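One structure below.
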Amino acid sequence: MAHPMAAQLQGKVAIVTGAGRGIGRGIALVLAERGASVTVSDINAEAAADAAEEIGAAGGHAIAVAADVTSQDSMNEVAKRALNEFSQIDICVANAGVLGAPGHQDRMDYTDADWDSTYDVNVKGLVHMADAVIPHMKERRYGKIVNIASHAGRAPRGASSIAGTIQATYSVSKAAAIQWTHVLAINLGQYNINVNAVCPGTIWTPMWETIALNRKAHNPGLADLSPKEIFDLSIRERMPLGRAQTPEDIGKAVAFLSSDDASEITGQALNVNGGAIMS
């Protein structure tokens, strides 16, 4: 797996949740490229196995674990599997996320189920993953925890740009993810554990395709556009750099925060969003 920065994470061991596809898969691939052994965790066992196989085929080291971030027992099992395979855990990337409950893309307004789903996965899922690895990291007095939030957790955007069910529940859950990052950073600093968040911008993933379908369903002016064309329109309207981000862009930011180059950075939430929201 030849890469100019292959030594950045050499000898490190990482866990990435929601790593079977989308942003999580991009993160796992970049961490592996840069030398880390990766435990690929995803609720979809087939997707997790496929991502781990891709890493292995490129010369990296990975195992796949089917797991549900809404279950503390499940996250404990992920940590146990990582320790059994690799003997240590240096990096924990809590990435798994949802936009809402099943069917959210067909609704304009949120439901109780949307609130429950986004809180259980996007907030408690981060807590469960952290709680599974913190005892080990404390004992070693070393660790890098990176929570994947969103720039949607920074500043609200009008209902004209994102339908209510996504804007409200998803954005609030991602704001909570940023605050959870701050709390953990304060509590774990004394153990030499760095805790940061990455706030992705706009990335063409299966999750964003559901956003585009929601917009299309509720905005007659978009009826003739494909989901990808709606996505591209959003990019042109909102991003100073004029281009979308990729899962690999997010992975590069995570790799930096997971490296010893970032040893004095903790409690921060880094926007990787082409300047769409600045803070």
Side-chain angles (χ1 to χ4, degrees), residues 9 14-32 36 38-44 47-48 51 67-70 75 78 91-100 117-133 143-154 166 169-185 194-208 211 244-259 262 265-274 276-277 279:
L9 301 175
I15 294 172
V16 185
T17 66
R21 63 179 190 168
I23 291 173
R25 189 175 183 128
I27 293 169
L29 290 171
V30 171
L31 297 184
V38 183
T39 297
V40 176
S41 168
D42 200 283
I43 196 166
N44 183 322
D68 180 356
V69 299
T70 68
M75 290 299 95
V78 171
I91 301 160
C92 175
V93 185
N95 163 78
V98 296
L99 282 168
S117 185
T118 53
Y119 188 82
D120 284 347
V121 177
N122 299 356
V123 184
K124 288 174 69 178
L126 273 57
V127 176
H128 292 154
M129 188 68 262
D131 284 349
V133 301
K144 310 285 186 178
I145 296 174
V146 183
N147 295 318
I148 305 304
S150 169
H151 71 177
R154 293 288 204 187
I166 298 167
T169 63
Y170 179 78
S171 296
V172 170
S173 73
K174 291 302 187 177
I178 293 170
Q179 185 71 330
W180 169 241
T181 300
H182 296 160
V183 169
L184 268 189
N194 300 69
V195 188
N196 293 289
V198 172
C199 298
T202 307
I203 298 162
W204 182 244
T205 62
M207 181 181 284
W208 217 101
I211 297 176
Q245 292 74 61
T246 68
E248 290 71 28
D249 291 329
I250 310 307
K252 291 171 185 176
V254 171
F256 167 66
L257 292 172
S258 300
S259 76
I265 300 175
T266 200
Q268 306 305 310
L270 176 64
N271 292 338
V272 183
N273 68 350
I277 292 175
S279 60

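Because the structure is a prediction, the values reported are computed rather than measured.
- A side-chain contact (heavy atoms from CB on, under 4.5 Å) with Val16 holds for exactly one of Val40, Val30, Leu31, Val254; it is Leu31.
- No donor-acceptor distance shorter than 3.5 angstrom exists from the side chain of Asn147 to the backbone of Trp180, with no hydrogens or angles considered.
- A donor-acceptor pair under 3.5 Å is formed between the side chain of Gln268 and the backbone N or O of Thr266.
- Nearest heavy-atom pair across His182 and Gly267 is CD2-O, 3.2 Å.
- With hydrogens and angles ignored, the 3.5 Å screen pairs no side-chain donor or acceptor of Arg25 with any backbone N or O of Ala19.
- Under a 3.5 Å cut-off, the side chain of His128 and the backbone N or O of Val69 do form a donor-acceptor pair.
- No option in Thr17, Val98, Leu126 other than Val98 meets the side-chain contact (heavy atoms from CB on, under 4.5 Å) test with Val121.
- Interatomic distance, CD1 of Ile91 versus CG of Leu257, reported as 10.5 Å (0.5 Å rounding).
- In this structure, Lys144 and Ser258 approach most closely via the heavy-atom pair CG-O, 3.4 Å.
- Distance check: Thr181 OG1 to Leu270 CG gives 12.0 Å after rounding to the nearest 0.5 Å.
- Between atom CD1 of residue Ile265 and atom CG of residue Asn194 there is a gap of 8.5 Å, rounded to the nearest 0.5 Å.
- Side-chain atoms of Asp249 and Thr246 include a donor-acceptor pair closer than 3.5 Å.
- Residue Tyr119 qualifies as open at atom OH: its count of foreign heavy atoms under 6.0 Å is 12 or below.
- Here Met75 contributes atom CE and Asp131 contributes atom CG; the two are 11.5 Å apart, rounded to the nearest 0.5 Å.
- Asn196 places no side-chain N or O within donor-acceptor distance of the main-chain N or O of Ala269, the cut-off being under 3.5 Å.
- A distance-only check finds no donor-acceptor pair linking the side chain of Asn273 to the backbone of Pro200 [under 3.5 Å].
- Annotation for Ala67 and Val78: closest pair CB-CG2, 3.3 Å, computed over non-hydrogen atoms.
- Atoms CD1 and CZ, on Ile178 and Arg154 in that order, are 4.5 Å from each other to the nearest 0.5 Å.
- When every heavy atom of Gly26 is checked against every heavy atom of Glu248, the shortest pair comes out as CA-OE2, 4.1 Å.
- The side-chain contact (heavy atoms from CB on, under 4.5 Å) with Ile15 is formed by just one residue from the set Val93, Asn95, Thr39, Val38; it is Thr39.
- Side chain of Asn271 to main chain of Ile277: a donor-acceptor pair is present (N/O by atom type, distance under 3.5 Å, no hydrogens or angles).
- Closest of all the heavy-atom pairs between Ile23 and Pro247 is CA-CB, 3.9 Å.
- Shown here for His151 and Ala276, the closest heavy-atom pair between the two residues is CE1-CB, 3.7 Å.
- Within the model, atoms CD1 of Ile148 and CG of Asn122 stand 12.0 Å from one another, a figure rounded to the nearest 0.5 Å.
- Side chain of Thr118 to backbone of Leu99: no donor-acceptor contact under 3.5 angstrom is found.
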